[in-house]
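Before any comments, here is the structure.
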2 protein chains.
Amino acid sequence: MKATRQRVAVREALDRAGAFRTAQALHDEMKTAGEAVGLTTVYRTLQALADAGEVDVLRTADGEAIYRRCATGDHHHHLVCRSCGASVEVSSDEVERWAAATAELHGFSDVEHTAELYGTCRGCS
Amino acid sequence: MKATRQRVAVREALDRAGAFRTAQALHDEMKTAGEAVGLTTVYRTLQALADAGEVDVLRTADGEAIYRRCATGDHHHHLVCRSCGASVEVSSDEVERWAAATAELHGFSDVEHTAELYGTCRGCS
DNA sequence: AGCGGTTTTGACAATCGTTTTCATCTAGCC
DNA sequence: GGCTAGATGAAAACGATTGTCAAAACCGCT
């Protein structure tokens, strides 16, 4: 994947945000920051980054995709602030064990799981 | 809420399915079953049922809403088959404890959580 | 520096799930 | 049986996301 100005800009914007953002929010923030990039390109780049495992994708309650550049590429979950998007990366053996045990108990294979916490962070409350 | 033919039909279709369904899939199944109801009404009814806590709503990976009439109104999670929508309702004190503890540790308030397992059920594999 | 071929970009149109609108219909009550 | 608030549904509107395609940027080569 070529390192174009636009792709670098998207990555920087994600880092600057340091939180979950929708593609459109990111696009707006980039425009404000003077790094204008087409909305289509933002979508494409985010998807490419997601496919490459460089960003995590979640869905808000109303189905919008939100993206975040995470510190680790390893499997983890998130504690996300509903109001500002700030998030903490958390891992939990308990959850992993629960997922594996439950899947086996009911004879399901190829099991993946999602486990995210949504709340209000200290700063926003 | 008035008990109209349409609302009864939606509820019956959900029960008949016994699994997670999109609004459109449900609409198709109802048409096939000869209980034609407008798509708009299916959407409205599902939303009303969801608001009333009578059905659970999840989001597929691509953002579509899927609905299921659950046996219990109590808080629980799901083990869902990606291919046929069949699902098992599961609860887990472990997950609840983990969610509460993690939220408190990071000073988040008003925390809700989602925790769903997606796999392939015995019948589909 | 200039060239040619491939990749990327971005304005715009198209898609698709979902919601709104609004005129018509119906359930439930007198 | 008639009234009326609430319910229906066809069609239009909506909003996030994806496809299209011509123009622009990039790369390796001379």
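Letters go in sequence order (proteins before strands), and every chain restarts at 1. Because the structure is a prediction, the values reported are computed rather than measured.
Between the P atom of D/dC27 and the NZ atom of A/K2 lies a distance of 6 Å, rounded to the nearest Å. Between B/L49 atom CG and D/dA7 atom P there is a gap of 13 Å when expressed in whole angstrom units.
Comparing B/T4 and A/T41 by the nucleotide of DNA chain C that holds the closest heavy atom to each, the one mapping nearer the 5' end is A/T41.
A ring-centre distance under 6.0 Å is found for B/H78 and B/F20.
Electrostatic pairing of B/R69 and B/D15 counts as a salt bridge here, judged by a charged N lying under 4.0 Å from a carboxylate O. The pair A/E29-A/R16 does not meet the salt-bridge criterion, since no charged nitrogen lies less than 4.0 angstrom from a carboxylate oxygen. The existence of a salt bridge linking B/R68 and B/E89 is confirmed by a sub-4.0 Å separation between a basic side-chain nitrogen and an acidic carboxylate oxygen. In summary, A/E35 and A/R5 do not engage in a salt bridge, as defined by a charged side-chain N under 4.0 Å from a carboxylate O. A salt bridge is defined here as a Lys NZ or Arg NE, NH1 or NH2 lying under 4.0 Å from an Asp or Glu carboxylate O, and A/E64 with B/R59 fails to meet this definition.
Taking B/T120 as the reference, nothing meets the side-chain hydrogen bond (donor to acceptor under 3.5 Å, both in side chains) condition, with sequence neighbours excluded. Here B/E112 pairs with nothing under the side-chain hydrogen bond (donor to acceptor under 3.5 Å, both in side chains) rule; sequence neighbours left out. Residues satisfying the side-chain hydrogen bond (donor to acceptor under 3.5 Å, both in side chains) test with B/H113, not counting sequence neighbours, are B/H75, B/H77, B/E96.
Axis angle across the helix from C/dA1-D/dT30 to C/dC30-D/dG1, with five pairs used at each end and values rounded to 10°: 20°.
For D/dT8, the OP1/OP2 oxygens have no side-chain nitrogen or oxygen of B/R5 closer than 4.0 Å.
Here chain A contacts DNA chain C (any atom closer than 4.0 Å to a heavy atom, that is under 4.0 Å), and the contacts span C/dT7 to C/dC12 from 5' to 3'.
Under a cut-off of 6.0 angstrom, the local environment of CD in B/E104 is sparse, with at most 12 non-hydrogen atoms contributed by other residues, nucleotides or ligands.
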Where protein sits on nucleotides 14-19 of chain D, one letter per nucleotide: B base, S sugar-phosphate only, - none, heavy atoms under 4.0 Å: --SBBB
